[in-house]
Undergrad: 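Below you will find the structure I want to go over with you.
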Number of protein chains: 2
Amino acid sequence: MTTMVKVAKLAGVSISTVSHVLNGTRHVNDDTRQRVLKAIEETSYRQDALARAMRRSRTDSIGLIVSDGGEPAFAEMIRGVEQTAASQGITLLLANSAEDPQREARAVQALLERRVDGLILARAAGSGPNALAEFANQDTPLVLMDRLSEDPFDQVGVENRGPIMELVEHLVAQGHQRILLIAGDTRVATLRERHEAFQEAMTTAGVPEADRLTVLAAEPEETDAGIAAALSGTKLPTAVIACSTVLAAAALRHIQKRGLRMPEDIAFAAFDGFAYADLFEPQLTTVRQPAFQVGATAAELLTKRIADKSVEPSVVRLAPTIEYRASTGAGPGSGS
Amino acid sequence: MTTMVKVAKLAGVSISTVSHVLNGTRHVNDDTRQRVLKAIEETSYRQDALARAMRRSRTDSIGLIVSDGGEPAFAEMIRGVEQTAASQGITLLLANSAEDPQREARAVQALLERRVDGLILARAAGSGPNALAEFANQDTPLVLMDRLSEDPFDQVGVENRGPIMELVEHLVAQGHQRILLIAGDTRVATLRERHEAFQEAMTTAGVPEADRLTVLAAEPEETDAGIAAALSGTKLPTAVIACSTVLAAAALRHIQKRGLRMPEDIAFAAFDGFAYADLFEPQLTTVRQPAFQVGATAAELLTKRIADKSVEPSVVRLAPTIEYRASTGAGPGSGS
DNA sequence: CTGAAAGCGCTTACAG
DNA sequence: CTGAAAGCGCTTACAG
């Protein structure tokens, strides 16, 4: 590999000058600069980011740990982070915890060893508070993404309560009382918030406790069994709200299996639905998250904090939009 | 930050010994080792991967550049690469070219500057051969993913010809002659291969030229217009094959808009369909790619080559599976 | 069994 | 306007 020494020799200057030409950090005579540039060209020299990072103690890279890279919403967030980072000359190191706190912890270590300038974390479902404790006593900035907490870090996610409340009102206004909320693993902050909002909204709407149906379970199998049970009794719910794409898919499979028609037999809405939700028959009412924007904002918060560690942490909640469609009785195309 | 010097002082040994304890690179007396371990614990020392990488000239990191992180298939490939890399203690640097050759070129440079041990590349649509020329004269290994070429590199993708031919035979056997292939941008190797296979299969099946309909176009808008035109004439195709998720979505929208029923009015099949294709009504015949496996294999080929650069490049084609469903007349659940 | 020292490829005061 | 030299935090022959 070509190093600065070779370039410097060829150009007849010191490596200091090469470095300064490269980084524009001090004035260099025009003819000297030309010689250096020519030497760089001829040797096809490429700067060594490692050595540079070590000297500057700054890597111009950030780490991102997602809990499930397979979910479309996370895939979009990853894109948002990557694009924003790339536009600032920052490289992205990506890790996937697959909802496993141990893998999450290992990923955090690996990224810190790599001296990322900062870290964006969408926490795994079972990740305890100690995972974050590490960052309190340390100067690598941390931004929490999607799954927020009470801890004093920069955070960005979506508004979960509002859309659920609006959805419940919408359903109740149409005469629904017996509504099933599928929330799955409420250790996940987003799902917990959606569940809480559901209970509150149902109370506000005056729906009796007995009609507030929920499926809460940490394991996918349990959740699936819960949905099956909820959809097979004699007193079926008249409406279903699924709190994530995976949960919506599970619910729809059971609805299909039981031969229930939407919305005639059962109304259906999902938080963060499907990539091409408009192609479903009937079209599904969906709470659409600005996932790309969540990722982009996370990257922005992080680079801001890297630039200035003294500012107060800020918590950003982006607003999803509800797209009302036929599955809850609204005609297709009557979106909010 | 704690460095080895601090640990060595506290343990009363040299930094050599600390290094050897950390890496297990030579025997260290048990009590000495204990002292070192204790000092590491007390100082909460963390190895600096940068300094280590610089000394060893090996970063234990690989780069991945995808052409469209938003497509579900790529999201899966990313997961496959990440998981395989992580299991070997290798960190993933991710970049997204967004089908832009310039961004791709910048990403390649950024990753090489970071001295990744190797690179996995799913090329952007318009990426010329010069993008690869760089790697021929250089010792950073390159693996081509998904979008393959004739160049002498390790490559992994899926078998594109077989499934398309099978699909055409299937349709022709059902009496279809006038079949529309939506292939979009055939600068993309996968789409080009699918288009070629279509033409061949139609020839083999004895379908007259006039009934072989295609939509080929570099720009999404053109493609969309092409689909609209193909579906609005007086002589409509009786079957449609879409060559990617995005193209399938565009086609389905036009089919819906025209009020065509599947499969009665028009049969429909897609290469690499939708995440939850089983939830569509009617259920869609889909060529399902082993995308995660493609990513995992790419990472494996790369680490093998990093370990031994002398072996001959290998080209791996993984086999997709065709899931026949109602949209081509097969009853749901009668998958291949 | 362990230590002293060179060196990976840069940046950046310091000096002229 | 430019150069000589220290040092970022490690690994690894070399020596004992």
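Each chain gets a letter, A, B and so on, in the order its sequence line appears, and its residues count up from 1.
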Undergrad: Please give, in whole Å, the distance from D/dC10 P to B/Lys6 NZ?
TA: 12 Å
Undergrad: Please report, rounded to the nearest Å, how far the P atom of C/dC10 is from the CZ atom of A/Arg58.
TA: 19 Å
Undergrad: Between B/Val13 and B/Met54, name the one whose nearest nucleotide on DNA chain C is closer to the 5' end.
TA: B/Val13
Undergrad: A/Glu300: which residues meet the side chain to side chain contact (heavy atoms under 4.5 Å, CB included) condition with it, sequence neighbours left out?
TA: A/Thr84
Undergrad: Does atom NZ of B/Lys9 have more than 12 heavy-atom neighbours from other groups under 6.0 Å away?
TA: no
Undergrad: Salt-bridge test for A/Arg79 and A/Glu82: reply yes if a basic N is under 4.0 Å from a carboxylate O, no otherwise.
TA: no
Undergrad: Base, backbone or nothing for each nucleotide of nucleotides 11-16 of chain C, written B, S, -, heavy atoms under 4.0 angstrom, 5' to 3'?
TA: BB-B--
Undergrad: Let me know the distance between CD of B/Glu113 and P of C/dG9, rounded to the nearest Å.
TA: 15 Å
Undergrad: Above 12 or not: heavy atoms from other molecules or residues under 6.0 Å from CD of B/Glu42?
TA: yes
Undergrad: Among pairs that include at least one residue of residues 119-148 of chain A, which meet salt bridge (charged side-chain N to carboxylate O under 4.0 Å, His left out), considering only residues two or more places apart or in two chains?
TA: A/Glu99-A/Arg147, A/Glu134-B/Arg46
Undergrad: Just to be sure I understand the rule, does A/Arg115 reach a base, reach only the sugar-phosphate, or reach nothing, if contact means heavy atoms closer than 4.0 Å?
TA: sugar-phosphate
Undergrad: Nearest whole Å is fine: how far is D/dC8 P from B/Leu50 CG?
TA: 14 Å
Undergrad: List for me each residue that meets side chain to side chain donor-acceptor pair (under 3.5 Å) alongside A/Asn96, sequence neighbours excluded, and say none if there are none.
TA: none
Undergrad: Could you measure the distance from the OG atom of B/Ser61 to the CG atom of B/Leu111? Nearest 0.5 Å is fine.
TA: 8.5 Å
Undergrad: Any chance you could encode DNA chain C as dot-bracket? Rule is Watson-Crick or G-U wobble with both distances under 3.5 Å; [ ] for pairs crossing earlier ones, | for another strand.
TA: |||.||||||||.|||
Undergrad: Does A/Ser14 place a side-chain N or O at less than 4.0 Å from the phosphate oxygens OP1/OP2 of D/dG3?
TA: yes
Undergrad: May I have the distance from A/Arg114 (atom CZ) to D/dC8 (atom P), rounded to whole angstrom?
TA: 22 Å
Undergrad: Is B/Val5 touching bases, backbone alone, or none of the nucleic acid, heavy atoms closer than 4.0 Å?
TA: nothing
Undergrad: Is there a side chain to side chain contact (heavy atoms under 4.5 Å, CB included) between B/Leu142 and B/Thr140? Walk through the geometry before answering.
TA: CA-CA 7 Å; B/Leu142 173 69; B/Thr140 302; over 6 Å; no
Undergrad: A/Asp48 side chain: which of C/dG9, C/dT2, D/dC1 is closest?
TA: C/dG9
Undergrad: Could you go through residues 24-34 of chain B and list every donor-acceptor pair under 3.5 Å that involves a side-chain atom there, pairing it with any protein atom two or more places apart or in another chain?
TA:
unit_1: B/Arg26; atom_1: NE; unit_2: B/His20; atom_2: ND1; d: 3.2

